Amino acid sequence: MRKKIVAGNWKMNKNLQEGLALAEELNVMLAAEKPACDVVIGTPFIHLAKVSEVIDHKLIGLSAQNCADKASGAFTGEVSAEMVKSTGAEYVILGHSERRMYYHETYEILKEKVLLAIANGLKVIFCIGESEEERDKSIQNQVVKAELEGSVFNLSAEEFKNIIIAYEPIWAIGTGKTATSGQAEEIHAYIRSVIAEKYGKQIAEDTTILYGGSCKPSNAGELFSKPDIDGGLIGGASLKAADFKGIIDAWKK
Ligand code: PEP
C-alpha cells in the first residue's frame, strides 16, 4: 500500500529561531491529534540538525530542500547528501522547478543528486511539472515523462522504491492558481502509467505521487479525494502550523 504524505517546503523562509518555533508548534499539534497520513517538513539546511532534535520523528519526517551533486570535497558552499543524512533528516526534495529554473539544474545534475541521496539512505521527493506555456501547447505529458526519464528512470527497481513523485505544475506554484482536481488526477494517472511501463504495475501502485501548487486547507480535500493523488507538497501554506495542519486533516475527512 502506498503512503499518503503531506510534505511542507519552507523554501528560503524562517530564520533558525522561527523555524524551530514552527517545528515545535507542529509537533505539539500532531502529538495531541495523530495525523492520518505521514507528515514531512522541508527546512533550510541550517535548520535541519536543530529541528531534528525538537521533533518526534515518528510524527514528522525531516527533509532537506536540496543536496550536492558531488559526494564530498572542494565544492565550497555545497552540502552533501551524507551531511543531510547525518542531521537526522530522512528525505530530500530534488528537482524543484525553482532549482531547475534559477540554479540551472539539468536532468544530468539531478540524476547525480538522486543517486547520491539514495546511496546515503535518503528518500527523494522528486518534483516534476510543466510550465504554463507547455500546458497551453498540451505537451504536459511529454514534459513530465522526459523529466522522469532524464533523472530517475536510470534507477534499479529497488532504488526507485525510495522515490516519491511530486507533480507540481509551475503555473500553480505560489500563484494561487491550483490545478483542478480533474486536471491533477489526469496527469497523476498518466505518471503512474509511465512508472508502470518502466517498473511494472506493482511498483507503480506503491509509488506515492503528491500534488503541489497552491494547495491549501480549502482545496486539499477535493484534491486528495482523487485515486491517484496521494497527498501534497505544500509551499506557502506550510509556513503556518494551523494552515499546514488544515491540509494534513484533509486526510481525516
Ligand atoms: C512548492 O513550491 O513546492 C509549492 C507547492 O508552493 P505553493 O504551495 O506555495 O504553491
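Side-chain atoms are counted along with the backbone in the values below, which use heavy atoms only and exclude waters and symmetry mates. Since the structure is predicted, the reported quantities are computational estimates derived from the model, not experimental observations. As the structure lists them, so they are numbered: ligands from 1, and atoms in each ligand from 1.
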Revision key, fill the gap. Heavy atoms of Ala117 and Val92 approach each other most closely as CB-CG1, 3.7 Å
**Study point:** Closest non-hydrogen atom pair, Ala64 against Leu48
**Key:**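 Shortest heavy-atom separation between Ala64 and Leu48 comes out as CB-CD1, 3.9 Å.
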Set of side-chain contact (heavy atoms from CB on, under 4.5 Å) partners for [X], sequence neighbours left out:
| X | value |
| --- | --- |
| Val194 | Lys145, Leu148, Phe153, Tyr190 |
| Pro44 | Trp10, His47, Gln65 |
| Lys240 | Asp243 |

Check your understanding: If only atom types and distance count, is the side chain of Tyr91 paired as donor or acceptor with the main-chain N or O of Ile93 below 3.5 Å?
Key -> no
Could you pull out every N or O of ligand 1 that sits under 3.5 Å from a protein N or O, with the distance for each pair?
residue: ligand 1; atom: 2 (O); partner: Lys11; partner atom: NZ; Å: 2.6
residue: ligand 1; atom: 2 (O); partner: His96; partner atom: NE2; Å: 2.7
residue: ligand 1; atom: 3 (O); partner: His96; partner atom: NE2; Å: 3.1
residue: ligand 1; atom: 3 (O); partner: Glu168; partner atom: OE1; Å: 3.1
residue: ligand 1; atom: 3 (O); partner: Glu168; partner atom: OE2; Å: 2.7
residue: ligand 1; atom: 8 (O); partner: Gly235; partner atom: N; Å: 2.9
residue: ligand 1; atom: 9 (O); partner: Gly236; partner atom: N; Å: 2.9
residue: ligand 1; atom: 10 (O); partner: Gly174; partner atom: N; Å: 2.6
residue: ligand 1; atom: 10 (O); partner: Ser214; partner atom: N; Å: 2.8

